[in-house]
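Notes follow once the structure below has been shown.
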Amino acid sequence: MSHRALTGTTTGTLARVSEDHYFTAQPASADERRRILVQLAGRDVEVETASGIFSPGHVDLGTQVLLRHLPPAPAGELLDLGCGWGPLALAAAMGMADARVTAVDVNRRALDLAARNAARLGVADRVAALEPGEVPEDLQFDAIWSNPPIRIGKEALHALLTAWLPRLAPGGEAWLVVQKNLGADSLARWIGDQGWGTVEKVGSAKGFRVLRLTR
């Protein structure tokens with residue numbers, strides 16, 4: 001099965017798919033919007049979700065695990081890689097007034113929801129929901145937060161991380177959450193071999209590993 005990845009290059013060259021999946025640019029399923037209650041940045045908030053995106057009914061378990069391990073967002077540039085409807089981006093913007101968050105996804109329905117949720121929660125001025133090719137090529141990030149789309153396959157995942165992790169600014173940190181049974185340990189070794197910085201396993205819960213890359 002072929003999948004649409006978040007990037008093939010830093011300019012956002014992408015592979016096409018015919019399947020309606022959360023990493024499809026234009027989901028074929030009906031755009032049925034609904035509102036759900038979730039907890040982000042220590043607050044109970046209402047957000048808008050829809051079918052055809054990742055985890056439309058709740059904050060998925062991996063993202064919950066990652067949120068419990070993350071430090072406060074830096075007062076600078078933060079990338080939410082594979083943002084979906086926006087839980088990581090929203091938590092960052094709500095938790096740090098000086099954070100400037102770039103929320104990236106290929107799923108346009110998800111990007112619309114992330115932008116609408118940022119407006120709903122009063123952080124639209126700090127969250128930019130963009131397709132990969134819309135992100136300025138010279139923009140570096142003080143932090144990268146991601147629950148990456150492991151199911152796109154190893155080759156596409158490696159291409160995705162190769163496109164974005166080197167954009168971490170010196171002294172910055174990338175935080176990733178990956179299921180143990182989907183190759184978290186082998187991915188940690190692969191990241192460590194790329195020369196992008198020091199990678200550590202800093203947490204483990206509910207079948208997930210939390211990885212931290214320090215530039």
Side-chain angles (χ1 to χ4, degrees), residues 5-7 10-12 38-43 45 47 53-55 59-60 62-107 110-149 157 160-178 191 196-200 202-203 208 210-215:
L6 279 163
T7 187
T10 55
T11 58
V38 298
Q39 186 172 85
L40 296 172
R43 292 169 48 191
V45 297
V47 296
I53 66 168
F54 179 63
S55 192
V59 179
D60 68 283
T63 298
Q64 291 179 41
V65 170
L66 181 58
L67 284 167
R68 287 197 290 269
H69 285 83
L70 286 169
E77 301 289 345
L78 184 143
L79 172 67
D80 175 2
L81 181 58
C83 65
W85 56 258
L88 292 175
L90 297 170
M94 292 164 62
M96 173 58 72
D98 293 329
R100 296 181 297 278
V101 183
T102 300
V104 169
D105 209 299
V106 296
N107 186 316
L111 289 175
D112 178 62
L113 289 164
R116 289 170 64 90
N117 287 328
R120 176 185 296 274
L121 299 179
V123 293
D125 60 330
R126 300 199 295 281
V127 176
L130 303 174
E131 295 183 43
E134 297 176 320
V135 181
E137 291 190 23
D138 60 350
L139 182 59
Q140 289 190 306
F141 300 97
D142 301 295
I144 297 174
W145 294 358
S146 184
N147 181 355
L157 178 65
L160 167 67
L161 298 179
T162 298
W164 293 99
L165 291 184
R167 297 179 68 165
L168 197 62
E173 293 182 342
W175 291 73
L176 312 175
V177 64
V178 183
I191 293 172
W196 299 327
T198 302
V199 65
E200 304 169 86
V202 295
F208 290 87
V210 177
L211 309 178
R212 180 179 63 197
L213 172 68
T214 305
R215 190 76 164 159

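Predicted model only: the values in this text are computed from it and were never measured.
- Remark: R212 pairs with E200 by the salt bridge (charged side-chain N to carboxylate O under 4.0 Å, His left out) rule, at least two apart or across chains.
- Here the closest heavy-atom approach between residue C83 and residue L111 is recorded as SG-CD2, 3.9 Å.
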With side-chain contact (heavy atoms from CB on, under 4.5 Å) as the criterion, how do D142 and L78 come out once you've worked through the C-alpha distance, each side chain's angles and the decisive distance to 0.1 Å? CA-CA 6 Å; D142 301 295; L78 184 143; over 6 Å; no
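- Atom-to-atom distance recorded for L157:CG and T162:OG1 is 9.0 Å, nearest 0.5 angstrom.
- How far NE2 of H69 is from CZ of F208: 12.5 Å, rounded to the nearest 0.5 Å.
- A89 and V127 make their closest contact through O-CG2, 4.2 Å (heavy atoms, listed as atom of the first residue, atom of the second, distance).
- Shown here for A41 and G95, the closest heavy-atom pair between the two residues is CB-N, 4.3 Å.
- Residues V45 and L90 form no side-chain contact, since every pair of their non-hydrogen atoms from C-beta on lies 4.5 Å or further apart.
- Here the side chains of T102 and L130 are in contact, with some heavy-atom distance below 4.5 Å.
- Residues satisfying the salt bridge (charged side-chain N to carboxylate O under 4.0 Å, His left out) criterion with R120, sequence neighbours excluded, are E46, E48.
- Expressed to the nearest 0.5 Å, how far CG of L168 lies from CH2 of W196 amounts to 11.0 Å.
- Side-chain contact between F141 and V101: absent, with no pair of heavy atoms (C-beta onward) separated by less than 4.5 Å.
- Shortest non-hydrogen contact noted between Q140 and P170 is OE1-CD, 4.3 Å.
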Take L160 and L81 through the test side-chain contact (heavy atoms from CB on, under 4.5 Å) and record every step on the way to the result. CA-CA 9 Å; L160 167 67; L81 181 58; 3.9 Å; yes
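- A distance of 9.5 Å separates CG in N147 from CG in D80, rounded to the nearest 0.5 Å.
- Scored by the salt bridge (charged side-chain N to carboxylate O under 4.0 Å, His left out) test, E77 finds R100 as partners (sequence neighbours excluded).
- Here the CH2-CG distance, from W145 to L79, works out to 11.5 Å after rounding to the nearest 0.5 Å.
- The closest donor-acceptor contact from the side chain of R126 to the backbone of D98 lies at 3.5 Å or more, if one exists at all.
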Criterion side-chain contact (heavy atoms from CB on, under 4.5 Å) on L40 and L67, from CA distance to verdict: CA-CA 9 Å; L40 296 172; L67 284 167; 4.2 Å; yes
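- Between D105 and G82 the shortest heavy-atom distance is OD2-C, 3.5 Å.
- Pairing each heavy atom of E173 with each of P71, the nearest pair is OE1-CG, 4.3 Å.
- Once rounded to the nearest 0.5 Å, the distance linking CD1 of I191 with OG1 of T198 reads 12.5 Å.
- A donor-acceptor pair under 3.5 Å links the side-chain atoms of R167 to the main chain of L139, judged by distance alone.
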Steps toward side-chain contact (heavy atoms from CB on, under 4.5 Å) verdict (W164, V104): CA-CA 11 Å; W164 293 99; V104 169; 4.3 Å; yes
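- The closest donor-acceptor contact from the side chain of W175 to the backbone of A143 lies at 3.5 Å or more, if one exists at all.
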